[in-house]
There are 2 protein chains.
Amino acid sequence: MGTLTVGEVARESGVSGSAVRFYERQGLIAAARTGGNQRRFDPDAACRIRVARVAQRVGLTVSDIRELLAALPANPEPADWQGLHDRLIAEAERRIRELHAALDDIGSGRRLCEL
Amino acid sequence: MGTLTVGEVARESGVSGSAVRFYERQGLIAAARTGGNQRRFDPDAACRIRVARVAQRVGLTVSDIRELLAALPANPEPADWQGLHDRLIAEAERRIRELHAALDDIGSGRRLCEL
DNA sequence: CATTGACTTCACCATTAGTTCAAGTCCTAG
DNA sequence: CTAGGACTTGAACTAATGGTGAAGTCAATG
């Protein structure tokens, strides 16, 4: 069920070990424990972290991402990941529209500063 | 020189009084003091705050904005404000490009999650 | 068995952008 | 002159995203 250590997941996903533990505390990834209380992750942990990192670039908070990932079923199929991708894309496009709106407000110029 | 109180600037700019004081501490706006140690702002304070708020929507931090505003001369002319607008626009476009890059990475799909 | 590296928890540090609170002071209108 | 609202300070608190260090435990290897 869980075979990867913190260090292995960290290397595979490109984040620090402390970040891996942080993501577990935050519920983005789940870990089983060995008899000696060490974390053992499923192979999809690194994948979830990679998705989480992209989601962060899009502007989602960790708790947004927790909810996003919570929507995934136990053994996600490609279609499930696709749905997640679609949501991320929609979100990114929303942020882009916001920036365009800010651009418009800047362009409106004097209304900001009628001195 | 300075006639507006904290509350007046707050109303004119649409931010809270505590935010106005915060922005003064951070050097986004300047205040003279009355004999009784109360702040009195120039009429352009609200304008600077409005610009600052748009800049935040674009993703700049308060200290970025301090530097941006510090570049303004004492009595800014329209051209000075225009230069500032141009910088904000360039920055917004940069952020939009970053989001598009994130979109591309999401689109690359399976590379994120080759399960 | 002993070493070594990886792991554990817990708690504190940093940053950003403010907000809230308490206790006290100022200013203006009546 | 006095009441009330607006103002002052500084410190503590918030949320988000981790980083760091101490003290101790586990696991694999020679």
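It should be emphasised that the depicted structure is a prediction, and the values quoted were computed from it without experimental measurement. Reminder, nothing fancy here: chain letters follow the sequence lines and each chain counts from 1. Values below: all heavy atoms of this structure, side chains included; hydrogens, waters and symmetry mates excluded.
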*Asks:* Going by side-chain hydrogen bond (donor to acceptor under 3.5 Å, both in side chains), name the residues that satisfy it together with A:Ser16, two or more places apart in sequence or in a different chain.
*Replies:*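 Expected list: A:Ser18.
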*Asks:* When you check every protein heavy atom under 4.0 Å of nucleotides 9-19 of chain D, what one-letter string (B, S, -) results, 5' to 3'?
*Replies:* S-------SSS
*Asks:* Mind calculating the distance between CD (A:Glu8) and P (D:dA27) to the nearest angstrom?
*Replies:* 14 Å
*Asks:* Excluding sequence neighbours, so at least two apart, what forms side-chain contact (heavy atoms from CB on, under 4.5 Å) with B:Gln38?
*Replies:* B:Thr34, B:Arg40
*Asks:* Considering residues at least two apart in sequence or located in another chain, which fulfil the side-chain hydrogen bond (donor to acceptor under 3.5 Å, both in side chains) criterion with B:Glu93?
*Replies:*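 B:Glu93 satisfies side-chain hydrogen bond (donor to acceptor under 3.5 Å, both in side chains) with no other residue.
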*Asks:* Using chain B heavy atoms and a threshold of under 4.0 Å, write down where along DNA chain C the contacts begin and end, 5' to 3'.
*Replies:* C:dA17 to C:dC27
*Asks:* Contacts to DNA chain C from residues 89-96 of chain B, heavy-atom cutoff under 4.0 Å, which residues?
*Replies:*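 Contacts with DNA chain C under 4.0 Å: none.
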*Asks:* Name all residues meeting the side-chain contact (heavy atoms from CB on, under 4.5 Å) criterion together with A:Ala10; count only those two or more places apart in sequence or in a different chain, and write none if there are none.
*Replies:*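 Partners of A:Ala10 by the side-chain contact (heavy atoms from CB on, under 4.5 Å) criterion, ordered by chain and then number, come out as A:Val20.
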*Asks:* Could you name each residue pair satisfying salt bridge (charged side-chain N to carboxylate O under 4.0 Å, His left out) that touches residues 61-89 of chain A, not counting sequence neighbours?
*Replies:*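 Qualifying pairs: none.
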*Asks:* Can you list everything that forms a salt bridge (charged side-chain N to carboxylate O under 4.0 Å, His left out) with A:Arg25? Sequence neighbours excluded, please.
*Replies:* none
*Asks:* Between A:Glu24 and A:Arg39, does any NZ, NE, NH1 or NH2 come within less than 4.0 Å of an OD or OE carboxylate oxygen?
*Replies:* yes
*Asks:* Please list, chain by chain and in numerical order, all residues satisfying salt bridge (charged side-chain N to carboxylate O under 4.0 Å, His left out) with A:Arg95, sequence neighbours excluded.
*Replies:* A:Glu91
*Asks:* Could you list the residues that satisfy salt bridge (charged side-chain N to carboxylate O under 4.0 Å, His left out) with B:Arg21, not counting sequence neighbours?
*Replies:*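 None.
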*Asks:* Please enumerate all residues that pass salt bridge (charged side-chain N to carboxylate O under 4.0 Å, His left out) together with B:Glu12, with sequence neighbours excluded.
*Replies:*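 Result, salt bridge (charged side-chain N to carboxylate O under 4.0 Å, His left out) vs B:Glu12: none returned.
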